[in-house]
Amino acid sequence: MNDSHQKVDIAVAHGDGIGPEIMEATLHVLKESGEKLRFHEIEIGEKVYLAGHPSGIAPASWDVLHSCQAFLKAPITTPQGGGFRSLNVTIRAALGLYANVRPCIAYAPCIETRHPGMDLTIIRENEEDLYVGIEYRPSHSTYRAIKVISQEGSEKIIRYAFEYAKTYGRKKVSCFTKDNILKMTDGLFHKIFNEIAVEYPDIATEHWIIDIGAAKMADTPENFDVIVTPNLYGDILSDIAAQIAGSVGLAGSANIGTHTAMFEAIHGSAPRRANQDLANPSGLLLSSVMMLVHLGKLEAAELIYNAWLKTIEEGIHTYDIFDEGRSRKKVGTKEFAKSIAERLGKKPEILKPIHYAHTGHNRPSEHKSRVSIPAAAKTIVGLDLFIESHQAIDALVGTIQKQLVGSPFILQTISNRGAIIWPTRQPHTSIGDLLRLRLVSKEKNPAISYFHLIELQQLLDLLSLDIASCEVLFHYDGKPGYSLLPGEQ
Ligand code: NAD
């Protein structure tokens, strides 16, 4: 924990689009608060891409990020489609920022919202899932993305969510997954949630399948308190939650790691609103409040948050939250920041003033892992071979089976995009160009090594198959470590 009177080093990136304007506004309020912060500016985003660093960050900036206690980051414009991995995702992974914390709060009656009682926090896993960014083009017409969920990653984020709930006096933690479909990856996340939940008997828990859970959250957000969920679902869910709370421009977020933390608005660089003194800096400003709390600077955090609430309740609003009935004055980014700075030291009268009763939150818990990884015996039982093929299935099966005579493997099934097309096939199942051949051992308890798998691939290579990739099939204590389609064992 920092001594709250010590100056702390903060890396700052002004970003793209509306980024520089909202950062200037945020820094103005932070400086006016009198808090002892030392800012170290780094350049990231478009300018850096154009200067020849395709990752969007210059190598020297990493040293600044590693040496500072926190990173306050404005949004950047991310190249879509082709190009390199998103810089945001790269930074989160490189700095080990595993927990993405997104409070979504309604400020009724001062800001228009259909959900006046809404006050929920989404805790999104930040390092895994489809965001690992591993994608392939194994055949001409098929592309593939890999979803990664680990026991350690799930435990870290779920425990964080419970610790967060405890620190904030929250009553319930809801877990959202799609484990009716993704039985292994999301199934693991759900299972670990259940295991950790028993350690927190004072906190109510529940699990929702993400689709209906998202619908419920959008309809009755006041029924939710803390939501913990894998990366992609959390990304989508938190934008919805922020928008229905009032505006996507209001929500801040913390990306928490063991060594450092990054704070940013949840919205993007809104290029169409840039350079017009229009943008609402609240998302970034409230992120900076989260940063102050994280650094143990609770007085400064309260001072700024209360001044912001006072400004909001006096009806001084940027265009995105301006409402003829509720607002008193429409202001630009600069005037909004000036108005907040002028109200430092004041408390809201209609909205509830902020008081942080605890000392420092958002910090990763020091708990050691208590969810044990069972020591199961791991054996190789076969291989899934993915091939690009335009051949008639019966002809393909005929040649493969002939080639396998005398080998320890049999062809068990052929499938395409998760549907079996051999030995059975429904009349309307369409077939793409990437086929999965499931080759398994003939023996029930096989002694198969990688050497046998290499021999198998060499054997099939003689058929001039267009092999795209392969996946080893394991059993753990005799149970499959891979998903099964109907008819497979
Ligand atoms: P966006 O969030 O930038 O903007 C969508 C719309 O929301 C804007 O047109 C505007 O009407 C409104 N809006 C957003 N923030 C606002 C604010 N502070 N004040 C007032 N109105 C605001 O989403 P987008 O247009 O899809 O994305 C633009 C770029 O930002 C893309 O390149 C995207 O990849 C990037 N992006 C970056 C981050 C990040 O850096 N963390 C996050 C999301 C998107």
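We count ligands from 1, going down the list as the structure has it; atoms in each ligand are counted the same way.
Electrostatic pairing of Lys147 and Asp186 counts as a salt bridge here, judged by a charged N lying under 4.0 Å from a carboxylate O. Using a cut-off of 4.0 Å between Lys/Arg side-chain N and Asp/Glu carboxylate O, Glu349 and Lys310 are scored as salt-bridged. A salt bridge is defined here as a Lys NZ or Arg NE, NH1 or NH2 lying under 4.0 Å from an Asp or Glu carboxylate O, and Asp225 with Lys171 fails to meet this definition.
The closest side-chain donor-acceptor pair between Ser253 and Glu264, if any, does not fall under 3.5 angstrom.
The closest side-chain heavy-atom distance from Leu30 to Ile304 is below 4.5 Å.
At a heavy-atom cutoff of 4.0 Å, ligand 1 is contacted by the side chain of Asn88 but not by its backbone. Of all the heavy atoms of Ile18, the ones lying under 4.0 Å from any atom of ligand 1 belong exclusively to the side chain.
Interface atoms of ligand 1 facing Asn280, defined by a heavy-atom separation under 4.0 Å, are 17 (C), 18 (N), 19 (N), 20 (C). If you number the atoms of ligand 1 from 1 as listed, the ones under 4.0 Å from a heavy atom of Arg273 come out as 10 (C), 11 (O). Listed by atom number, the atoms of ligand 1 under 4.0 Å from Arg272 heavy atoms are 9 (O). Close contacts between ligand 1 and Ala279 involve ligand atoms 19 (N) [criterion: under 4.0 Å to a heavy atom]. If you number the atoms of ligand 1 from 1 as listed, the ones under 4.0 Å from a heavy atom of Glu264 come out as 41 (N). Atoms of ligand 1 found under 4.0 Å from any heavy atom of Lys73, numbered from 1 in the order shown, are 39 (C), 40 (O), 41 (N).
Atom-to-atom distance recorded for Leu435:CG and Phe386:CZ is 10.0 Å, nearest 0.5 angstrom.
Minimum interatomic distance between Gly418 and Leu485 (heavy atoms only, all atoms of both residues): O-CD2, 3.2 Å. For Ile354 against Glu302, the heavy-atom pair with the smallest separation is O-CG, 3.6 Å.
The shortest N/O to N/O separation between Tyr319 and ligand 1 falls below 3.5 Å. Checking only distances, Arg92 never comes within under 3.5 Å of ligand 1, N or O to N or O. Ligand 1 has no N or O atom lying under 3.5 Å from any N or O atom of Pro271, backbone or side chain. The distance criterion of under 3.5 Å between nitrogen or oxygen atoms is not met by Gly249 with respect to ligand 1. Of the N or O atoms in Val248, none lie within a sub-3.5 Å distance of an N or O in ligand 1.
Geometrically, Arg92 does not engage Tyr131 in a cation-pi contact, judged by NZ or CZ lying under 6.0 Å from the ring centre and within 45° of the ring axis.
Ring to ring, Tyr200 and Phe162 are close: their centroids are under 6.0 angstrom apart.
Nearest-heavy-atom check against atom 8 (C) of ligand 1 across Ala270, Ala242, Ala25 picks out Ala270. Among Gly17, Gly19, Gly268, Ala265, the residue whose heavy atom lies closest to atom 1 (P) of ligand 1 is Gly268.
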